[in-house]
**Student:** 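Let me begin by handing over the structure; questions about it come next.
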Amino acid sequence: MGESTGKTPETLRSARWFAPDDLRSFGHRSRMMQLGYDEEDFRGKPIIGVLNTWSELNSCHGHFRERAQDVKRGVAQAGGFAVEMPSLSVDESFTKPSSMLYRNMLAMETEEMIRSHPLDGVVLMGGCDKTTPGLVMGALTAGVPMIYLPAGPMLRGHYAGRILGSGSDAWKFWDERRAGNITDEEWLGIQGGIARSVGTCMTMGTASTMTAITDAMGLTLPGASSIPAADSGHQRMSTACGRRIVEMVWEDLGPERIVTDAAVRNAAIVAMATGCSTNAVVHLIAMARRAGVDFTLDDLDELGRTTPLIANVRPAGKEYLMEDFFYAGGLRALMKQIEERLDTSCVTVTGKTLGECLEGAEVYNDDVIRPLSNPVYHEGSLALLRGNLCPDGAVIKPAACDPKFHVHEGPALVFDSYPEMKKAVDDETLDITPDHVMVLRNAGPQGGPGFPEWGMLPIPKALIKQGHRDMLRISDARMSGTSYGACVLHVAPESFVGGALALLRTGDTVRLDLPNRRLDMLVDEEELERRRAAWTPPEPRFERGYGWMFSRHVTQADKGCDFDYLERGFGRAAGEPDIF
Ligand code: FES
């Protein structure tokens, strides 16, 4: 891709709408005047779409109405014209049956909103888990200059002198409540103290992972992903995004020059070093494929084996939260620590190289951001498995599980549905040992439906009462980035479409061999063939609507769960319609 020579007012994309002396452009100009603008407000200026995923049911984005104003201020300062556009607000807490069902809807909406409107560049406002990949995937395909504005993590949780981490402490104290170790009053106190401000989950969950990945790819202002939502620096960063996107339009600095093979690799290395969410696997692959980068599970595993985990941030780290990570220097400081492993020639939204953006970055607390000589875990955050139970792959987070499960063999206890599993784990008389391997199937992209975060299967009450807090669990579901434990996830192909997991039976022996990256059921091939021949597909989950479309077109976890028809023209911006 050659260097662009930049844009002029005549060659702006929006000029197609507003410049010609014809009837259609007359209509566009008169409708802008209807909105209260004179021609000098918008003609010949970069028109910047501020794609805002604010909603009153998205607690993580509660500050986005104000931040959109900050972005618009910056756009105006730089001589552009900003228009705020609402975007699908896929929030993690309230969206059912699964927010993942709607990531692709946001990606489609983003792509189509950009393409169908007179926009020269966009600022993408997201942060709550699926909003980051959804916005980025769509904007990559639309292909106009873009900056990602991450919502920023919320402040640390607090209750009774104790610091609480999003998600992780909810799971932990829920188990204690089930064991009868905390009172209702304490439980209510935790409920009120665990989410104290606007912003995304402040553990290194999916939100912080995905914004870090986007930052490392060069799509945010440098280090923007680490700034807490409630910090005044977040407001200033928002205004700076507005100023910078106008310059990017004049420079014609599009995402095709930023999201290269090397940038995706950088992002994956950074993800491994931060203790990333397992969801990073699915989203990073999907984002890369939209940019034409054929990044695979095997690439991730290779980087996972060679990249130490150095961010001591929960849940993979033992101590700290995102607020501490910011005070310790944030993502720029972490990237500085691993600079020699990164391709620092990559261009970022600043127009500078990554190396230039890391100049002066420093670690202020080397227990939070560790040196390579003292990592939290000697390998990266994720490991990818293969075997007769997961021919197309599965993922596990080794640092977040008890090492005694890294090599484990035990009898399977298989559940076909979440309600069936839930009933069993609440049964105090359940016949189960800590060596058992709990399995949940029909929880993948099609079976869930929508690939829900059910993969951290609750430890059965019968074992909780005996003091056990971890056991080997396997599913074709995902799990929250704030979760932890010996959970094998994303088994592909999923059981709902006849993957090998569908053939497993209660009592079969399952073997996990993490050092050799294997996951197998110890059942001979002839018997598996008999079971395969007897397997019948379940009834479809949806008969109509978006869910029907999702089920017919979603790809499996190892391909990023994008829609198959959106991958046509793999890796190229989809281009402008001929008819205008
Ligand atoms: Fe929004 Fe966790 S619920 S980031």
Side-chain angles (χ1 to χ4, degrees), residues 52-65 67 87-103 106 124-136 148-157 163-174 190-215 220 224-231 234 271 274-280 282-283 313-316 321-323 325-326 331 397 400 450-456 478-484:
N52 189 352
T53 51
W54 173 86
S55 134
E56 284 188 335
L57 274 179
N58 192 330
S59 53
C60 304
H61 298 180
H63 52 321
F64 268 1
R65 280 204 290 193
R67 293 294 183 274
S87 295
L88 183 68
S89 188
V90 187
D91 82 285
E92 198 58 31
S93 298
F94 300 110
T95 310
K96 306 295 179 202
S98 154
S99 62
M100 185 63 184
L101 190 62
Y102 298 101
R103 182 202 69 179
L106 174 59
L124 308 169
M125 299 180 66
C128 191
D129 297 16
K130 311 303 175 293
T131 56
T132 300
L135 286 164
V136 170
Y148 192 75
L149 193 168
M154 64 178 102
L155 300 175
R156 297 184 197 98
I163 289 174
L164 301 175
S166 307
S168 306
D169 274 322
W171 322 128
K172 187 171 125 197
F173 286 108
W174 178 240
I190 291 166
Q191 180 177 294
I194 200 166
R196 291 171 48 232
S197 77
V198 292
T200 49
C201 292
M202 76 325 239
T203 37
M204 188 57 78
T206 305
S208 296
T209 294
M210 293 314 302
T211 56
I213 280 176
T214 309
D215 200 333
T220 72
S225 61
S226 311
I227 307 173
D231 193 294
H234 193 273
T274 56
C276 65
S277 156
T278 45
N279 288 320
V282 179
H283 299 317
V313 179
R314 296 167 63 194
L321 296 170
M322 286 304 293
E323 196 179 336
F325 184 69
F326 176 61
L331 196 74
K397 202 169 183 176
F451 212 1
E453 291 187 338
W454 292 342
M456 190 175 82
R478 295 176 304 118
M479 78 174 179
S480 163
T482 61
S483 302
Y484 50 84

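Whatever order the structure lists ligands and atoms in, that order sets their numbers, starting from 1.
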**Student:** Between T220 and T211, is there a side-chain heavy-atom distance shorter than 4.5 Å?
**Tutor:**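 Sidechains of T220 and T211: no contact.
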
**Student:** Going by distance alone, is a donor N or O of one side chain under 3.5 Å from an acceptor N or O of the other, for Y148 and T132?
**Tutor:**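 Result is yes, a qualifying pair exists.
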
**Student:** With heavy atoms of E92 as the reference, note each atom of ligand 1 found under 4.0 Å away.
**Tutor:** 3 (S)

**Student:** Any heavy-atom pair between the side chains of F325 and S208 that's under 4.5 Å?
**Tutor:**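 SC-SC contact between S208 and F325 ruled out.
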
**Student:** With M125, which of H63, R67, H61 fulfils side chain to side chain contact (heavy atoms under 4.5 Å, CB included)?
**Tutor:**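 The residue from H63, R67, H61 that satisfies side chain to side chain contact (heavy atoms under 4.5 Å, CB included) with M125 turns out to be R67.
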
**Student:** In this structure, does ligand 1 have an atom that sits under 4.0 Å from one of the heavy atoms of D129?
**Tutor:** yes

**Student:** Under 4.0 Å from a heavy atom of T200: give me the atoms of ligand 1 that qualify, with their elements.
**Tutor:** 4 (S)

**Student:** Any side-chain heavy atom of D129 within less than 4.5 Å of one from E453?
**Tutor:**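 They are in side-chain contact.
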
**Student:** Examine all N, O or S atoms of C128, backbone included, and report whether one is under 2.8 Å from atom 2 (Fe) of ligand 1.
**Tutor:** no

**Student:** Taking the side chain as everything from C-beta on, heavy atoms only, tell me whether T206 gets closer than 4.5 Å to R478.
**Tutor:**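 They are not in side-chain contact.
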
**Student:** Which residue and non-hydrogen atom of the protein lie closest to atom 2 (Fe) of ligand 1, and at what distance in Å?
**Tutor:** C201 SG, 2.2 Å

**Student:** Is C60 close enough that one of its N/O/S atoms sits under 2.8 Å from atom 1 (Fe) of ligand 1?
**Tutor:**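 Looking at C60, which is the residue asked about, there is an N, O or S atom under 2.8 Å from atom 1 (Fe) of ligand 1.
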
**Student:** I'd like to check which ligand 1 atoms, numbered from 1 as shown, lie under 4.0 Å from a non-hydrogen atom of A207.
**Tutor:** 4 (S)

